[in-house]
> 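Questions regarding the structure given below will be posed in turn.
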Number of protein chains: 2
Amino acid sequence: MNISHIEHIGIAVSDLDEAIAYYRDQLGLKCYAIEEVADQKVKTAFFKVGDTKIELLESTDPEGPVGKFIEKKGPGVHHIAFAVDNVDESLSEAESNGVRLIDKQKRKGAEGLSIGFLHPKSTLGVLTEFCGEE
Amino acid sequence: MNISHIEHIGIAVSDLDEAIAYYRDQLGLKCYAIEEVADQKVKTAFFKVGDTKIELLESTDPEGPVGKFIEKKGPGVHHIAFAVDNVDESLSEAESNGVRLIDKQKRKGAEGLSIGFLHPKSTLGVLTEFCGEE
C-alpha cells in the first residue's frame, strides 16, 4: 500500500455550528463544505489545512458511531484517515500484514470517496481509515 | 495567524517499540527519528506522512502529561499541532480571538521547534498546539 498523506482527521463535536465558529473565527480556517452522510449518521463540515482536511462530525443519531463515541469519551479526535491509491488493495495488504479490519471491502464515504476502516483492536487506540478515489 | 498545515499529530502509546512496529511494518510508514523530550516526560518516534508528521509518544513518567492521559483515556490521539509562522504571535492572536491558552509564550518542543498549547477548555475536546520555527 502507498500512504501518500493524511487525507483527513475526523473530530467528533457536540455542536457543529459552535465547532465551525471555533475553527473559522478563532483559528482562521475556512469551512469549504457541509455535508450530511446518512450512512454514518453524521453531519460534517470540512476545512482544508495544507494537504489534510479537518472533518468535523456531529452525530444525527445517539445510536450512530459518533453519538456513541461522544457518549463514551466526549468530543475529540474520532479517527485518522490515510490517503491511499486504492482502498480495496490497501485493506487487503493491511490484512496480510496482520491488521484486523472492520471493512473487508471499500464503501462510499463523504465527498464521494471510497473508505474502509481498520479494526481498533489492531491500531493501538486510534480509529484508522483508508480513503481514496478508488 | 497563518496556519499552513498540520505539523504533526501526537499519539499517546503504551509501548513505543510496539507502536513503531505497527506503523512501520503493518502500514508501511518510515520512522525517521526517535527522541526523548525530558521536559514533556516522553520518548517520541516520528514518521512523515505527506506534509504532516505522526509523533508517537511513550510516557517516561506516570506523572507526566502523556502518562496521565493514558491512565485516564487509554492510548490514542493526544494532540494536534498546527504549523504557524510565528508561535508567539499566533498565541497572542488566538487569545485576542477569545481562545484560552496554556502557554502564553512559546517554549521548546521536539525537533528544536517552538511550541505553545491552547487550553483544552477552548478547543472542544482536542488538545491543540501551535508549532513553528519561530
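Per chain, numbering begins at 1; letters A, B, ... match sequence-line order.
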> With a 4.5 Å cut-off on side-chain heavy atoms, are A/Thr44 and A/Val37 touching?
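The answer is yes, as the side chains (C-beta and beyond) meet within the 4.5 Å cut-off.
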> Only counting residues at least two apart or in another chain, list the ones meeting ring pair (Phe, Tyr, Trp, His ring centres under 6.0 Å) with B/His79.
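Ring pair (Phe, Tyr, Trp, His ring centres under 6.0 Å) list for B/His79, sorted by chain: B/His8, B/Phe117.
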> Do the side chains of B/Ile54 and B/Ile115 join up, straight or via other hydrophobic residues, at under 4.5 Å, putting them in one cluster?
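Unlinked, B/Ile54 and B/Ile115 end up in two clusters.
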> Is there a side-chain contact between B/Glu35 and B/Phe46 in this structure, where contact means two heavy atoms from C-beta onward sitting under 4.5 Å apart?
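When only atoms from C-beta onward are counted, B/Phe46 and B/Glu35 do touch, with a gap below 4.5 Å.
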> Take atom NZ in A/Lys48; do more than 12 heavy atoms of anything else shown fall under 6.0 Å from it?
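More than 12 within 6.0 Å, yes.
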> So if I take each residue of residues 122-134 of chain A and look for any heavy atom under 4.5 Å from a heavy atom in chain B, which residues do I end up with?
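Listed by number, the contacting residues are A/Ser122, A/Thr123, A/Leu124, A/Gly125, A/Val126, A/Thr128, A/Phe130.
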> Is there side-chain contact between B/His78 and B/Glu55, with heavy atoms separated by less than 4.5 Å?
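No. Closest side-chain heavy atoms not under 4.5 Å.
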> I'd like to check B/Glu58 versus B/Ser14 (side-chain heavy atoms, cut-off strictly below 4.5 Å). Are they in contact?
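Heavy-atom side-chain distance check fails, nothing below 4.5 Å.
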> Do the side chains of B/His119 and B/Lys121 get nearer than 4.5 Å, heavy atoms only?
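B/Lys121 vs B/His119: side chains touch.
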> Heavy-atom distance under 4.5 Å to chain B: side chain of A/Ser4, backbone, both or neither?
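For A/Ser4, backbone heavy atoms alone lie under 4.5 Å from chain B.
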> Verify the neighbour count for atom CD of A/Glu36: are there more than 12 heavy atoms of other residues, nucleotides or ligands below 6.0 Å?
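More than 12 within 6.0 Å, yes.
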> Listed by residue number, which members of residues 80-95 of chain B have a heavy atom under 4.5 Å from any heavy atom of chain A?
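Answer by number: B/Ile80, B/Phe82, B/Ala94.
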> With a 3.5 Å distance limit and no angle check, can you tell me whether A/Gln26 reaches the backbone of B/Asn97 through a side-chain donor-acceptor pair?
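Checking the backbone N and O of B/Asn97 against the side chain of A/Gln26, a donor-acceptor pair under 3.5 Å is found.
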> For chain B, find its close neighbours in residues 15-25 of chain A: heavy-atom separation under 4.5 Å, sorted by number, or none.
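Listed by number: A/Glu18, A/Ala19, A/Tyr22, A/Tyr23, A/Asp25.
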> What I'd like to find out is whether the side chain of A/Gln40 reaches to under 4.5 Å of the side chain of A/Leu57, using heavy atoms alone.
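SC-SC contact between A/Gln40 and A/Leu57 ruled out.
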> Find out if a path of hydrophobic residues (ILVMFWY) with successive side-chain heavy-atom gaps under 4.5 Å connects B/Leu113 to B/Ile9.
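Unlinked, B/Leu113 and B/Ile9 end up in two clusters.
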> Quick check: do A/Lys108 and A/Ser114 have side-chain heavy atoms less than 4.5 Å from each other?
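When only atoms from C-beta onward are counted, A/Ser114 and A/Lys108 do touch, with a gap below 4.5 Å.
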> Using a cut-off of under 4.5 Å on heavy-atom pairs, state which of A/Ile6, A/Val13, A/Asp51 scores highest against chain B.
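Going by pairs under 4.5 Å, I would pick A/Asp51.
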> Under a 4.5 Å side-chain heavy-atom rule over Ile, Leu, Val, Met, Phe, Trp and Tyr, are B/Ile102 and B/Val42 clustered together?
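Per the 4.5 Å side-chain linkage, B/Ile102 and B/Val42 are not co-clustered.
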> Under 4.5 Å, counting heavy-atom pairs only, tell me which of A/Val49, A/Thr52, A/Ile3 racks up the most with chain B.
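Of the candidates given, the most pairs with chain B belong to A/Val49.
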